[in-house]
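These values consider heavy atoms only, across backbone and side chains, with no hydrogens, waters or symmetry-generated copies. Numbering of ligands and ligand atoms starts at 1, following listing order.
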Amino acid sequence: MNILGIETSCDDTSISIVSDGKRIISLFSLSQNDAHKAYQGVVPEIASREHLKVIYSLTEKTLSNSKIPISEISAVAVTTFPGLIGSLVVGLNFAKGLAYRFNKPIIPINHLIAHFYSNFFENDIKFPFIGLLISGGHTALFKFNSFEDYTILGKTIDDSCGEAFDKVAKYFDLGYPGGPIIDKIAQDGNPISYNFPIALADIKKYGLNFSFSGLKTAVIHFRKKYKINQNEEDKLEDILASFQSAVAKTLILKTIKAIEKNGIKRLVISGGAAANSEIRKSFKILEKQGIEVYFPPLNLCSDNGAMVAGLAFHLVEKNLLNKSEFLSLDAKSRMIEMKRNSLFS
Ligand code: KG4
Ligand code: ZN
């Protein structure tokens, strides 16, 4: 079964055709980094317009590259939530047009859950697992019994992990998106130059929730205070390496607790910041404690159409589709369970 996946929830337009939820036949993505660079962050209105400009030609390219005629595409899967509403609406309406014209069912997909599917192309991962999502829009710990049965164990109460990278980079005028730039500069830095704070470390008090805005502020404004060797000059690469290391330590602290509390020694990490070399290195150490640790392939960490088509296949297989939804489907900006309301929820 071939499924066409459409992803436009933020600032990447990505289209893919996936066969039987496993084989990526064709995948093309266009990032909008250049369009947003001047603002050092995503501007929602620009994002929607950029999706609109390229979605038709990108879909044509993905289809022609696949050599699969549209008649052999079984369904159109599309991200419908959560994300930037204008961006989602472009993808969803394009999917509706395609589905209507070619008489295909539409499969609505939750973007956050789809991120985890990025890990399933190269690995046969068993359930249950602890899921750690570290993207630009969200940071959360999940317990997955299956793709349909999951609970949120903790989430960020302020910035997401990716946002912290982007904002620190913005402050140092390094460009957008900040994650890959910081990752590269930090390679030459010493991660133990600064002892930046690990937020909400008291698990009894704060549970498995995260906070990154304090760390971001510490890096930006108070770096001298956290400098270990006061005789040395501040070096950008040391600041960034120490920041990255504090992010990795924060994530590991809460994730280990989630693993222990739930007695599940299987961890699946997903989202744009899962591409980070320090985070990958730090988590891989957990394998020595008998924990299975999975990261997505580097090209599937950020938003992509393959994870959308892949998760859709899984839902089709489990007969979880409601065909009557079709043209009445709507996009939603929020996933209610991810609302950042209180420190303790
Ligand atoms: O998952 P994603 O593509 O989009 C959302 O769903 O939000 O994540 C984008 C985020 C950005 O904040 C970006 O800076 C971050 O992922 N990112 C990284 C790296 N590559 C991308 N963060 C840290 N290190 C990286 N190598
Ligand atoms: Zn994403």
Side-chain angles (χ1 to χ4, degrees), residues 5-14 16 27 29-33 36-37 39-42 44 47 51 78-84 87-88 91 109-119 131-140 142 155-156 159-172 174-187 189 191 212-213 215-216 219 240-241 243-248 250-251 269-283 295-308 310-311 333-335 338:
I6 299 177
E7 161 60 45
T8 64
S9 68
C10 188
D11 60 341
D12 294 292
T13 319
S14 182
S16 181
L27 168 62
S29 304
L30 277 175
S31 96
Q32 303 176 354
N33 291 348
H36 300 287
K37 219 173 213 150
Y39 310 94
Q40 300 196 40
V42 178
H51 286 305
V78 59
T79 301
T80 53
F81 78 111
L84 299 174
S87 294
L88 290 165
I109 293 295
N110 177 327
H111 179 74
L112 307 190
I113 307 308
H115 261 299
F116 288 99
Y117 202 90
S118 291
N119 291 275
L132 172 66
L133 175 65
I134 41 176
S135 69
H138 299 88
T139 294
F142 293 75
K155 60 193 169 188
T156 183
D159 288 347
S160 74
C161 173
E163 235 173 320
F165 275 94
D166 294 337
K167 287 180 179 169
V168 167
K170 183 173 178 174
Y171 177 81
F172 288 109
L174 301 174
Y176 174 83
I181 302 169
I182 291 182
D183 196 351
K184 192 153 177 268
I185 299 173
Q187 312 267 335
F212 289 101
S213 82
L215 170 61
K216 173 195 71 189
V219 172
L240 298 181
F243 158 69
Q244 214 173 239
S245 157
V247 171
T250 308
L251 294 171
I269 302 169
S270 70
N276 185 270
S277 54
E278 176 67 25
I279 293 176
R280 284 186 171 241
K281 204 170 69 198
S282 308
F283 272 99
F295 277 96
L298 281 176
N299 68 324
L300 299 182
C301 288
S302 48
D303 296 346
N304 65 83
M307 68 190 195
V308 176
L311 179 59
S333 61
R334 281 182 178 276
M335 175 175 170
M338 295 300 291

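- For ligand 1, the polar-atom distance check against F165 finds no nitrogen or oxygen pair separated by under 3.5 Å.
- Contact annotation: the side chain of C10 approaches that of V42 to within less than 4.5 Å [non-hydrogen atoms, C-beta and beyond].
- Metal site remark for the Zn ion (ligand 2): H138 contributes no N, O or S atom at a distance under 2.8 Å.
- We find the OG-CD1 distance between S16 and I6 to be 11.0 Å, quoted to the nearest 0.5 Å.
- Rounding to the nearest 0.5 Å places CD1 of I134 at 10.0 Å from OG of S160.
- Q187 and S277 are linked by a side-chain donor-acceptor pair at a separation below 3.5 angstrom, with hydrogens and angles left out of the test.
- Which parts of ligand 1 touch G162 is read off a 4.0 Å heavy-atom cut-off, strictly below it: atoms 12 (O).
- Counting backbone and side-chain atoms alike, H111 contributes an N/O/S atom closer than 2.8 Å to the Zn ion (ligand 2).
- When side chains are defined from C-beta on, D303 counts as touching S9, because their heavy atoms get closer than 4.5 Å.
- With ligand atoms numbered from 1 in the order given, ligand 1 contributes 1 (O), 6 (O) to contacts under 4.0 Å with heavy atoms of H115.
- Of all protein heavy atoms, the one closest to atom 8 (O) of ligand 1 is G136 N, 3.2 Å.
- In this model, no donor atom of one side chain and acceptor atom of the other lie less than 3.5 Å apart for T8 and H51.
- For ligand 1 and S302, the ligand atoms under 4.0 Å from any heavy atom of the residue are 3 (O).
- In H138, neither the side chain nor the backbone holds a heavy atom less than 4.0 Å from any atom of ligand 1.
- When distances from the Zn ion (ligand 2) to the N, O or S atoms of D303 are compared, OD1 comes out shortest.
- Of the heavy atoms in D166, only side-chain atoms (C-beta onward) come closer than 4.0 Å to ligand 1.
- At a heavy-atom cutoff of 4.0 Å, ligand 1 is contacted by the side chain of D183 but not by its backbone.
- Here the straight-line distance linking atom CZ of F165 with atom CD1 of I279 works out to 4.5 Å at 0.5 Å rounding.
- When only interatomic distances are considered, the shortest N/O to N/O separation between G272 and ligand 1 falls below 3.5 Å.
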